[in-house]
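See below for the structure under consideration.
Both backbone and side-chain heavy atoms feed into the values below; hydrogens, waters and symmetry mates do not. Naming: A, B, ... by sequence-line order, numbering from 1 per chain.
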Amino acid sequence: MMIDVEIILLIPAAAALLSAVSPKGRAASVSVIGSAAVLIASIPMCIRAFEGTVTEYGMWYVDGLSSLFILIIGMIGVMSAMYSRGYLLRDKEEGEIGTGDIRQYHIMFNLFLATMLSVCVVSSVGVMWIAIEMTTLVSAFLVGFYRRNSALEAAWKYLMICSVGITLGLVGITLVYASSSHILGDDPGALNWPILFEAASGLDPVLIKMAFVFIIIGFGTKMGLVPMHTWLPDAHSQSPTPISAMLSAALLNCALYAILRFQMIAEATVPGFASALMIGFGILSLAVAGAFILISKDIKRMLAYSSIEHMGIITIGFGIGTPLAVFGALFHIIAHSVTKSLVFFSAGNVIQGYGTRDMDSVRGLGKSMPGTAFMLGAGTLAIVGLPPFSVFVGEITILSGAIGAGMYHIALLIAAFIVLVFAGFTRNIFSMMRGEPSGKIKAPRGILRMLPMTVLFLITLFLGLFMPEQMSDALWSIADWFTGAV
Amino acid sequence: MFSVYEELFISLMFIPAAAGAIVGMIPIKCSGNVAAFLCGTSAFFGILSYPLYLYGGDIAFTFPLPSAWGPYSILIDELPAMMISLSSAVFLAVLAHMIFSVSVSAEGRYSSTICALFISCMLAMCADTVILLLIAWEAVTLSTFLMASGKNGAAAWKFLVIAHIGGLMVICAFLVMLSYSGDHTLSSWSDLGNAMGLPASCGAIALLFMGFGTKLGLIPFHVWIPDLYASAPTHTSALMSTVSSNAAVMILFKSIFGYIGVSEGMYVLAVILMAASSFTAVWSALESLVQTEPKRILAYSGMENMALVLLCFSIGILFSDGGSPGLMTVVLVAGLFHVMNHSVFKSLMILAVGSAEDCTGETAIEKMGGLAKIMPAFSLVALVAVLSMAAIPPFNGFASEWLMIQSMMGGEGIHMTEIILPLGVAVLGISGMMAAVSYARLYGFMFLGRPRSEKPVSSKVGTAVLVPMAALALLCFAMGIFCSQIMEKLARGVAAATSIPSDDSFVNHLSGTLNMPIMAGILLMAIFAAYVLSRAFRKKSARSPTWDCGTPLDENMQYSSMGFSQPLVRVFHPLYGDVVEISDDESSENRKRYSIKFAEPFVEHLYVPIGNLIMRGARRVGSTQNGNIQTYLGYILAVLVVLLVAVRFV
Amino acid sequence: MDAAISGNLIDLCVVAMLLLSMLAMTTTRIAQLLNAFAVQSLFLAFLAFVIADSTGHTELFIMGGITFAVKVIGIPWAMRNTAMRLHAGREIDSTMGIPGSLLVSATLIIVAYLVTEPLMATVDTIARNCLAMSMSVILIGLFMMVTRRKAMAEAVGLLIMENGLFLGVMSISYGMPLVVEMGIFFDVLMVAVIVGIFALRINKAFDSIDTSVLRRLKE
Amino acid sequence: MIEFVLSAAQSVLMIALAPLFAGILKKAKARMQHRNGSSIFQPYRDVAKLLRKNETVSESSSLLFRFIPYVCFGSMVLLSLMTPFFFVDVAAPYGDLISMVYIFTLYRLMMVLGGLEGGSVFGGMGSSREMMMSVLIEPSLLLSLMALAGLTGGSTAVSDIPRELIGMGVIVLAPALVLAASSFFITLLAENSRVPFDNPSTHLELTMVHEGMLVEYSGRGLGLMDLSSMMRLMIFSSMLCTLFFPWGMALTASPFAIFVGLAAIFAKVLFVTLAIALIESYLAKYRLFRLPNLLTASFALSLMAMISLYIL
């Protein structure tokens, strides 16, 4: 009996339980070990999937695409868990939270991990929807963790907007289900993605078009596509920093994952429709996020807008739909997750060191916290798409995909908005580096603060320069499969 | 051919610099100098690349780990080898100047970015795969930014953004080329223009021109240059204006004439590019006349020189239409030669100015003067640089400008160029002369005359810095004397890098009626003879104060540098947009102080309005995030309704 | 039950649900709103029974039962209690007046008809006319969330949307596979609970559940 | 060999005759102004006197100041070796027209730097004005030479042009040539600081350009500078007479051709000298900011020469 999938879901669930009963101060370790265990446990299955062996039994379905997301979630989980420890301890020293809060945090953290993982492993799109809704419900507590007024406000908006979105997504799923009913009838597996995908070419095109509109609006809300993105800057800025990283680097990906699954179906039924919508939403997200980045004052809000921007780029990449563009988009997902968590973690250090999120009141970072400043600088350069970091490779691959597909106007728009983002981001971040530090600055210390950042920095640097053949093969096989080139 | 040697050479050239980049990050005191020394080692081996090429042919190397976009490989053939050798020499000289300057104790971080700049520039010049080229080129931008972001953060940011715009243009152009070629190896690209068709290749050429133009100061992408030069450390400006310009010109040349390949029908494009570069040349020469800081003068002069190089390239495109491959080779050689020469004399001049600024502690030209008496050796090498920059024979600046004019004069009679080429010559003449004026001004007001401030001049730079400067000065002279040989080598390199049909007619132009060694010999002999002959009279020479109509001269009673350029400012008044500001002079009652302010019209009328427009748009977009959840839900409702209706009816 | 009667009953339920959404748009009291919602849910449950009975999809009986238990009784009761505890006041303001809201709702119904019109032909269930209705209910529910300022009213808007969604599910496909449907139901319940928790927290922090106080996070 | 001797001889002759023509110019001017004037050999005496005098150098000047006269003189010697006079070949065929233009620039740049050396106001003012003019001269000078080269088939070699022109016969007295020559004549006046660009005989501070730059020189230095400036006028005149109007020049080393060449060049240079004298007598120096008009006219003339080369 295969229990691969159950294991990776049960580990975080068990970790959640354990952190509920673990002795004082041990909850953090439980999270670190738990998430690391998830990552390790999922590796064999994922490698199998990359090599072409789909794990499919019971209600589970794990192929290459899911594996990519599982690995990202696992990795970001480990990093965030490590970073959380020091971050929360510091919060506790400041008196912002109590011991009980830390315990609650870790319970929710593990549950959050479990729900996100479950999005990527289930076979039925209905269950996938449930899992996505669960991520909202669990993470709402993490967003509202600080119980400050602003945090509550953010959590409330997050909860309401995402619930509305997800409801619309369910309408889309219903329509897909309806469109399949004349082929698949009352098959209890009619909502299973592989079955739907197989039957996709025979689905009703009118229904599928409408369904995809609902789906991209519904899941796009969760993913942060403009104009449904409105919850995102609030939630990212108010939640504890490791959670911001998780939201940005893992949660948005889950919603993206759902959209991708439906895009594949819709493309098989009505070629071109879903892609056009995705390109449209992607460009809009990129443009609007660029504008917001130019005017942001709050570092975490700016990073949140940057997530919107990158989700836009990724969406465009998938929308273009050539193998090269999809390859680029897949790579960009990894690059964005790694780099964005790096930036979030270093921003977290800055926030705790200076006690403010307002970028105008942070000066002299290079002098007061050289290590963090280095990581923040490198992360900034990486996230705005400069080599030798991974985001650069992702961006130019997507650009190349657009140009190769003859979509010069899309390439032009991407390039133009990237410049906007670039200008805003670098101006804000690098003005923090200069000048003289003023006031009392308590630079965060501890190996667990720097270790995840160092690891992420090395990963983004390595991926920016090199791509091992195995990884390239895996991504290409997904891209080829995704675009139906195989 | 000797693959082991190739690997050895490549590792000797890059590993010390890479090590330096890491060593520089270590926060200990001497790490800066150690890193600079390591980089110097690399640069020393870099110089060997051309001799090695002559000895053993192409040097190729592929890095064992692949990137997402194919392998990293480099290929050093004739043209890159020459460029790398020369750039390494300049690099070495600048590094030596940095290490020898006692006033500048190399900061570790700074040295480490210099190492990064070395690696990225050299890789950009010899890259053989697209990804390596693009990464290296962007890394040049990045390391320049890191080296420059010292005093004036805003200037460095402006540079970064504009350079990034340029970088994206370059990236897009290369991606377009790649989409037609399908091969990541650059050396397999040739004449992609045939496959791309005229519109795409013209578009790609225009993108490349603008993209690299952002680094070279093509108007209107030049606004970062003066500020950055004025605020960046001396060695940053010295490397930025020479080595990275070399790389930019080199890649631009290879892409336009090698990868894409010019073809007939690019007449309009060529004329547009000529207009842009001519305008840049004249404009920057004009602007350089009214700058008050030596470094800004050098910034504009760098723009002027690079604009001339770009002018050469656009004339090269023009010649392709006229079907004159020989002349095309000549004009391209002129451009490439000029960029090489520029890197030598400009680095020399920047180093001299930097040292002078270190000694006087002044950055305004109005406060300097009379340094020639205090620092005679400095002023001599600076004079060499000035003469080279002003294209005075027998120095190298003359050689390349001569070849430019030569090719343009030779080109008349070619289809459709009757009016354009004379205008090109006129541009060359007027901008070259204006540049000469501003160098005369620079030199005259920094080194000659009487001191304009009472601040004592300290010689804290030491004398060791003269060694690299003298080497550069010698190089200026040698490259001028041996210009014919260099031109021939360059012509060979051009033929190898492009598919321009070889046509022996260019040989006539390359060294036809110019014999630099003999001409220079006669000149020197004539000067020497005049000296000896007049010495024969053996007359005494006395010293006395400058003639002053009887009143003692104080430091204000000297011609001022702004006054020096006033006549030209008056002549070209409509172009300057200068504003006379009248303010009360505090020091004396009832007196007004008149001062002229020169605004950069491109900042005022282009960048500021665009920036305001973007910011206004961004704020308007920002107001959509108004904090009200009902509005947010309204967006969802609206987009849902709109999309549903659209799907229904479209 | 013969087909004609069941058809009529279905139409009746559906129209009643739509009318109740419109009614909900016009209410100004929280209690009325909750009543409207409860009655709408009642019709939904009834609809499930009718469809289950007439088509033989027996699992719809279960759905109807759960709907009745949760939406007709459970959630309205819980929310009424919460509202009492919050002393939220009875008034629920709207950013748009009643006539305006009704006009927009009418427009939304027209839109829903327009966009679902081509779908009518492709769906062959007995309740396919309900598709337009369910779309209208969804849109009106969303519109209600757009216009209502009180947190409680917004939550009800969300629930109305979900009612519309279930209406759609039943009308075009006689319900999804049971596991999924149960899961979804469970989720809805969770949403209601968590929204309640947050409403309490917000009330504690802001002394109000008027969402117009929640406007501090903006650019 | 005989060609080389001849060309060397013509260079020596040019250097030797430069003060003479300067004297003739002064004399002619004086005559036109109904003055007696000094002897036409007076410039020789002046130079000789200056070269024998002690030198006084400004305290603020550097070593460069001492060397500028030699450099200026050396560059003029080089140019006279590169310019044909009565014989078509030149002694130093190692540079072309363009190099000559740039050697003139060397001369001018050195003079300008010398003007700044003293740290006085006059030198700076002279240098500044000189530079303004040179900026405006440069394009028309280059263009008129380009028109000339265009007329004769693209070569910029100094000896090729007269050969080609003579070979074409008198028909090449084409509009292009006339226009280019007029443009060149204006640049000649400007380059040599003649009226209306400058007043060579003034020492009024506000108007002087060329003399302003020389104000700090004395003795040997001044002598060399004066000699160089006379040589410059000579070289320009003979460029005008041999490149634009080469007819009569000796193409071969036969005695008759040499005789004709000598006679022709004397006549032509004398004509140019007299023309300059005439202009200097009948025109006043222009206001500084009217000069651009004149130089623009020169530029327009040379541009028209280029155009007429192809249109006509």
- [ ] Validate the cation-pi geometry between B:K215 and B:F221: distance from NZ or CZ to the six-membered ring centre under 6.0 Å, angle to the ring axis within 45°.
- [x]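 No - B:K215 does not lie over the ring of B:F221 by the 6.0 Å and 45° rule.
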
TODO: Report yes if the distance between the aromatic ring centroids of B:W137 and B:F212 is under 6.0 Å, otherwise no.
DONE: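 Yes, ring centres under 6.0 Å apart.
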
Open item on the list: Suppose we call two aromatic rings close when their centres sit under 6.0 Å apart. Are B:Y229 and B:Y300 close by that rule?
Closed with: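 No; B:Y300 has its ring centre 6.0 Å or more from that of B:Y229.
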
Please flag which part of [X] lies under 4.5 Å from any non-hydrogen atom of chain B: side chain, backbone, both or neither.
X: C:L214; value: backbone
X: C:T116; value: neither
X: C:L114; value: both
X: C:R216; value: neither

Task: B:Y632 portion near chain C, given a 4.5 angstrom heavy-atom threshold - done: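 The side chain, not the backbone.
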
- [ ] Can you tell which part of B:I629 gets under 4.5 Å to a heavy atom of chain C, answering side chain, backbone, both or neither?
- [x]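 Side chain only.
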
TODO: Just say parallel, tilted or perpendicular for the rings of B:F602 and B:H222, cut-offs at 30° and 60°.
DONE: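 Judged by the thresholds at 30° and 60°, the geometry between B:F602 and B:H222 is perpendicular.
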
Open item on the list: Which one wins on heavy-atom pair count under 4.5 Å against chain B: C:M145, C:K218, C:R215?
Closed with: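 Highest number of pairs under 4.5 Å: C:R215.
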
Task: Donor-acceptor under 3.5 Å (B:T236 side chain, B:M147 main chain) - done: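 Confirmed, B:T236 side chain pairs with B:M147 backbone.
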
Task: SB check B:R296 B:E287 (cutoff 4.0 Å) - done: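 No, B:R296 and B:E287 are not salt-bridged.
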
Task: Contact winner vs chain C - B:L640, B:L644, B:T631, heavy-atom pairs under 4.5 Å - done: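 Heavy-atom pairs under 4.5 Å are most numerous for B:L644.
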
